[in-house]
Amino acid sequence: MSTTKTQIATNLETLNDGVAQIWVQLSSSSLTDEERRVFLLKLSIVKMIFDFLKAMKDISEKQATLVTLCMRGGRCTSKDMRELGFRTLDHMRYVRNQMETLLEATVLNTDQVNRLFKTNSLAEVMEIKNWYVTNVLQNKQLLRFIAQN
């Protein structure tokens with residue numbers, strides 16, 4: 001059976017690869033102060049993303065399992081359903097799918113993740129940071145969903 005990589009898994013891979021590239025670039029002695037600020041700001045945005053995902057996982061075992069399933073593209077199992085207290089496997093899949101959709105639209109937004117590693121403009125990286133603050137940290141729909149599940 002073949003496994004299809006989810007967009008979330010692809011975006012996580014992009015973040016990890018991007019961080020590795022940033023560390024290589026930061027080790028260059030020929031960086032200007034502005035270039036160094038851009039790279040450090042990019043790292044702070046990636047940290048914000050991973051901190052948010054960790055905070056989601058720390059809420060409960062149920063939340064941690066759902067986030068992990070979304071991040072890995074894992075399947076919902078009857079064992080997980082029983083252990084996490086879902087009524088049915090279909091209900092667990094429904095909640096996982098909702099979470100996956102929200103993560104793709106917010107925390108692990110493909111356009112923002114790709115944009116973060118393509119730009120070297122301080123102004124554009126600041127726009128990306130502001131987008132994350134508004135669309136993730138201050139997103140009432142996302143925060144309400146997390147609190148309910």
Side-chain angles (χ1 to χ4, degrees), residues 1-27 37-149:
M1 180 162 91
S2 67
T3 306
T4 305
K5 187 188 273 190
T6 65
Q7 189 59 51
I8 289 175
T10 300
N11 292 346
L12 285 168
E13 190 175 286
T14 300
L15 287 169
N16 284 322
D17 292 346
V19 166
Q21 290 173 4
I22 289 171
W23 282 115
V24 168
Q25 292 166 322
L26 276 172
S27 67
R37 279 195 302 273
V38 168
F39 292 134
L40 291 173
L41 184 56
K42 285 181 179 190
L43 287 176
S44 76
I45 293 168
V46 173
K47 183 179 182 326
M48 181 183 355
I49 292 168
F50 282 113
D51 285 350
F52 191 88
L53 291 170
K54 183 181 180 324
M56 284 181 70
K57 290 175 82 171
D58 288 347
I59 290 172
S60 68
E61 181 183 346
K62 185 178 191 178
Q63 190 88 354
T65 300
L66 289 169
V67 170
T68 301
L69 285 171
C70 290
M71 290 169 61
R72 292 186 181 155
R75 299 178 61 172
C76 299
T77 66
S78 296
K79 180 182 175 211
D80 290 334
M81 176 200 73
R82 285 188 300 278
E83 287 176 1
L84 300 175
F86 283 98
R87 297 183 307 264
T88 65
L89 197 52
D90 284 341
H91 182 244
M92 183 177 177
R93 287 180 184 134
Y94 173 78
V95 172
R96 194 243 6 239
N97 289 341
Q98 276 187 309
M99 180 178 286
E100 197 169 280
T101 299
L102 275 172
L103 289 175
E104 286 175 355
T106 58
V107 184
L108 294 167
N109 181 284
T110 301
D111 292 337
Q112 297 302 320
V113 168
N114 290 335
R115 192 172 155 217
L116 179 62
F117 295 109
K118 286 183 181 170
T119 187
N120 285 317
S121 158
L122 184 57
E124 192 169 359
V125 175
M126 283 302 297
E127 285 177 23
I128 295 166
K129 181 179 181 182
N130 292 337
W131 186 93
Y132 271 101
V133 169
T134 302
N135 293 284
V136 176
L137 302 179
Q138 298 173 348
N139 182 327
K140 290 183 187 338
Q141 179 187 8
L142 175 63
L143 299 175
R144 190 171 29 255
F145 177 82
I146 292 167
Q148 290 173 350
N149 294 293

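- A pairwise comparison of heavy atoms in Thr88 and His91 identifies OG1-N, 3.0 Å as the closest pair.
- Asn109 approaches Ala105 most closely through the heavy-atom pair ND2-O, 3.2 Å.
- For Thr68, the side chain to side chain donor-acceptor pair (under 3.5 Å) partners two or more places apart in sequence, or in a different chain, are Lys57.
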Taking only distance into account, with no hydrogens and no angle test, what donor-acceptor pairs under 3.5 Å do side-chain atoms of residues 42-56 form with protein atoms, sequence neighbours excluded?
from	atom 1	to	atom 2	distance (Å)
Lys42	NZ	Leu116	O	3.2
Lys42	NZ	Thr119	O	2.5
Lys42	NZ	Asn120	OD1	3.4
Ser44	OG	Leu41	O	2.7
Lys47	NZ	Asp51	OD2	2.7
Lys54	NZ	Asp58	OD2	2.7

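- Residues Thr110 and Gln7 have side chains that bring a donor and an acceptor to within less than 3.5 angstrom of each other.
- More than 12 heavy atoms of other residues, nucleotides or ligands sit less than 6.0 Å from atom CD of Gln138.
- Heavy-atom minimum distance, Asn11 versus Val113: O-CG1, 4.0 Å.
- Taking a 6.0 Å sphere around NZ of Lys62, one finds it holds more than 12 heavy atoms contributed by other residues, nucleotides or ligands.
- Glu104 pairs by the salt bridge (charged side-chain N to carboxylate O under 4.0 Å, His left out) definition with nothing, not counting sequence neighbours.
- In this structure, CG in Leu108 is found 11.5 Å from CG in Leu102, a value given to the nearest 0.5 Å.
- For CD of Glu124, the number of neighbouring non-hydrogen atoms (other residues, nucleotides, ligands) closer than 6.0 Å is greater than 12.
- The only option from Ile146, Val95, Asp80 that meets the side-chain contact (heavy atoms from CB on, under 4.5 Å) definition with Leu66 turns out to be Val95.
- Here the shortest heavy-atom pairing between Arg96 and Cys76 reads NH1-SG, 3.6 Å.
- Between Leu40 and Leu26, some side-chain heavy-atom pair lies under the 4.5 Å cut-off.
- The closest side-chain donor-acceptor pair between Gln141 and Arg144, if any, does not fall under 3.5 angstrom.
- Here Gln98 contributes atom CD and Leu103 contributes atom CG; the two are 11.5 Å apart, rounded to the nearest 0.5 Å.
- A distance of 4.5 Å separates OG1 in Thr106 from CG in Leu142, rounded to the nearest 0.5 Å.
- Residues Cys70 and Glu100 approach most closely at SG-N, 3.7 Å, considering heavy atoms.
- Between Phe117 and Asp17 there is no side-chain heavy-atom pair separated by less than 4.5 Å.
- Atom CE in Met71 sits 9.5 Å away from atom OG1 in Thr6 (nearest 0.5 Å).
- Within the model, atoms CG of Leu89 and NZ of Lys79 stand 14.0 Å from one another, a figure rounded to the nearest 0.5 Å.
- Between the OG1 atom in Thr10 and the CG atom in Leu15 there is a gap of 11.0 Å [rounded to 0.5 Å].
- Using a 4.5 Å heavy-atom threshold, the side chains of Arg115 and Gln112 count as touching.
- Closest approach of Tyr132 and Val107 over heavy atoms only: CE2-O, 3.2 Å.
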